[in-house]
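Quick note on labels: first sequence line is chain A, next is B, and so on, each numbered from 1.
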Protein chains: 2
Amino acid sequence: MTKPFTSVWTRQPRTSRTTPGLSREQIVQATLELLDAEGTDGLSMRKLGAKLDAGATSIYWYVANKDELLELAYDEIWAGMEMADPQEVSWRYSVASFAQSMRRVILEHPWSARLIGRMPAIGPNALRITDRLRKAVTLAGFEGLEIDYAVSTVTAYVFGTTIPEAVWNEYVAEKNPDVNEIREAVAAVLTDYPEMRSRVVAMGEADPTAVRLMSFDFGLYTVLDGLEARLAT
Amino acid sequence: MTKPFTSVWTRQPRTSRTTPGLSREQIVQATLELLDAEGTDGLSMRKLGAKLDAGATSIYWYVANKDELLELAYDEIWAGMEMADPQEVSWRYSVASFAQSMRRVILEHPWSARLIGRMPAIGPNALRITDRLRKAVTLAGFEGLEIDYAVSTVTAYVFGTTIPEAVWNEYVAEKNPDVNEIREAVAAVLTDYPEMRSRVVAMGEADPTAVRLMSFDFGLYTVLDGLEARLAT
DNA sequence: ACCTGAACACCGTTCAAGT
DNA sequence: ACCTGAACACCGTTCAAGT
């Protein structure tokens, strides 16, 4: 049996004429606060209900299920992303500004890392910025399907680097582990690979956030250079 | 309070002198079968226990918790990846063969998409292939931290493209939705973005797996060209 | 139109007790 | 050394009933 496709974005929300106790905006707001404060696992319908001084099941009036709630929260992430107008600056700068901003926003809301790539990014905010990104690569000179490919390449790179970073940050924030202990444990596992082992040990003295930023920029410029190479052919 | 770091790979497994009913290999095997057959949500300790003709809680003798079980399953994914020996072929070919293989394996086991980037890839199989990848980029000419950056760039790209693809495949396999209906629903959301809208509609006639492969290769060559550009400077 | 609480069918995990 | 079942503290979701 086929199950029908459902998404908050592809159906009409309930409309009310009165001003009742709860509203969708209010619920999304509370969801974001809960997620920012307690992480992905901190969000449950019961907790959310309690935070809103309502029964846990009241939320189901505004939202079909928890996934729809997360779709709404996810789109708010996209609302926070910025991108230099490709009409005003070079496409490289415009795309780079988008990538940096996307990374920044995800790291600010690490819970979003578990939603990225798992939920369709078809909320109004996601669409707004995706359209801009498409404009940027079109101005760069890509045509037809290559517009899609170029956009995918950039977002895939950003997602792929930022997801593990955000997950790690969330883990550290929640569990507050002893980072030196982790490094030692990992080094111990690497006895058969001396080259990797010495890398891990050496990393101990570096500032991890600085290294990660350099790594991100390295890859970003790699992707941008690669796109330029494709334009040249 | 700091919570100690734990991973299956950084602690001693229990050793037995007898040949008892269950074994770790057996459990991992059953876990993989369950995941392949029913997807991420199909795995529960109770179901796994039942499959092994054991109590659900027997598993806790071999594994500290469900996350450790998933760590073990995750490393099996890496076991399936192949990579042309960088000593024998060009670094480009070697890295490309790794990327293609990684994508193939993830798509074959879509449940792995939810683990990638969330779990440390420090199992024996993950290490084996990561070491090879490092060798390949070293032979390409990268040095020091740039080896890490180059490796990260490639894997981030593969993860970033493949995760959504695998999630989508898992969704389709499990829910068996009407794809045309989805396309129409998405098109309806895109009324304000005619360019994106027509793209979605036009996609209806294309073979999605072929398009995705082309998209993957486009991005992969982009990354490889970008790496070459970095070597040139 | 909106909200409620009880109830259902699940979870992962702990632990005392068994062999 | 290994396995068990009962029990705990959670989940998301449904639904009849209330206002």
Could you check which of dC11(C), dT13(D), dC3(C) has an atom nearest any side-chain atom of Leu22(A)?
-> dC3(C)
When you get a sec, tell me which of dT13(D), dC11(C), dC3(C) is the closest nucleotide to the side chain of Met45(A)?
-> dT13(D)
In this structure, how many angstroms lie between the [atom2] atom of [N] and the [atom1] atom of [X], rounded?
X	N	atom1	atom2	result
Tyr60(A)	dG5(C)	OH	C1'	14 Å
Lys66(A)	dT14(D)	NZ	P	14 Å
Leu69(B)	dT13(C)	CG	P	10 Å
Lys47(A)	dT13(D)	NZ	P	16 Å
Leu48(A)	dC10(D)	CG	P	17 Å
Asn65(A)	dA9(C)	CG	P	20 Å
Asp53(B)	dC2(D)	CG	P	19 Å
Ile59(A)	dG5(C)	CD1	P	13 Å

Of Asp41(A) and Ala64(A), the one whose nearest nucleotide on DNA chain D sits closer to the 5' end is Asp41(A)
Please tell me which of Arg46(A) and Ser58(A) maps to the more 5' nucleotide of DNA chain C, matching each residue to the nucleotide holding its nearest heavy atom.
-> Ser58(A)
Measure the acute angle between the ring planes of Tyr149(B) and Phe218(A), then classify it against the limits of 30° and 60° as parallel, tilted or perpendicular.
-> tilted
How are the rings of Tyr171(B) and Phe5(A) set to each other: parallel, tilted or perpendicular (split at 30° and 60°)?
-> perpendicular
Has Tyr62(A) got a side-chain N or O lying under 4.0 Å from the OP1 or OP2 atom of dC3(C)?
-> yes
Short side-chain N/O contact to dC3(D) OP1/OP2 from Trp61(B), under 4.0 Å = no
How is [X] classified with respect to the nucleic acid when contacts are heavy atoms under 4.0 Å: base, sugar-phosphate, or nothing?
X	result
Leu52(B)	nothing
Ala54(A)	sugar-phosphate
Thr57(A)	base
Ser44(A)	sugar-phosphate

Do we see a donor-acceptor contact under 3.5 Å between the side chains of Gln29(A) and Glu25(A)?
-> no
Residues Arg11(A) and Glu68(A) bridged, charged N to O under 4.0 Å = yes
Any chance you could measure Leu133(A), atom CG, to Met102(A), atom CE, to the nearest 0.5 Å?
-> 8.0 Å
What is the pairing partner of dC10(C), taking Watson-Crick or G-U wobble pairs with both distances under 3.5 Å in any strand?
-> none
Sort out the partner of dA16(C) for me: Watson-Crick or G-U wobble, both distances under 3.5 Å, none otherwise.
-> dT4(D)
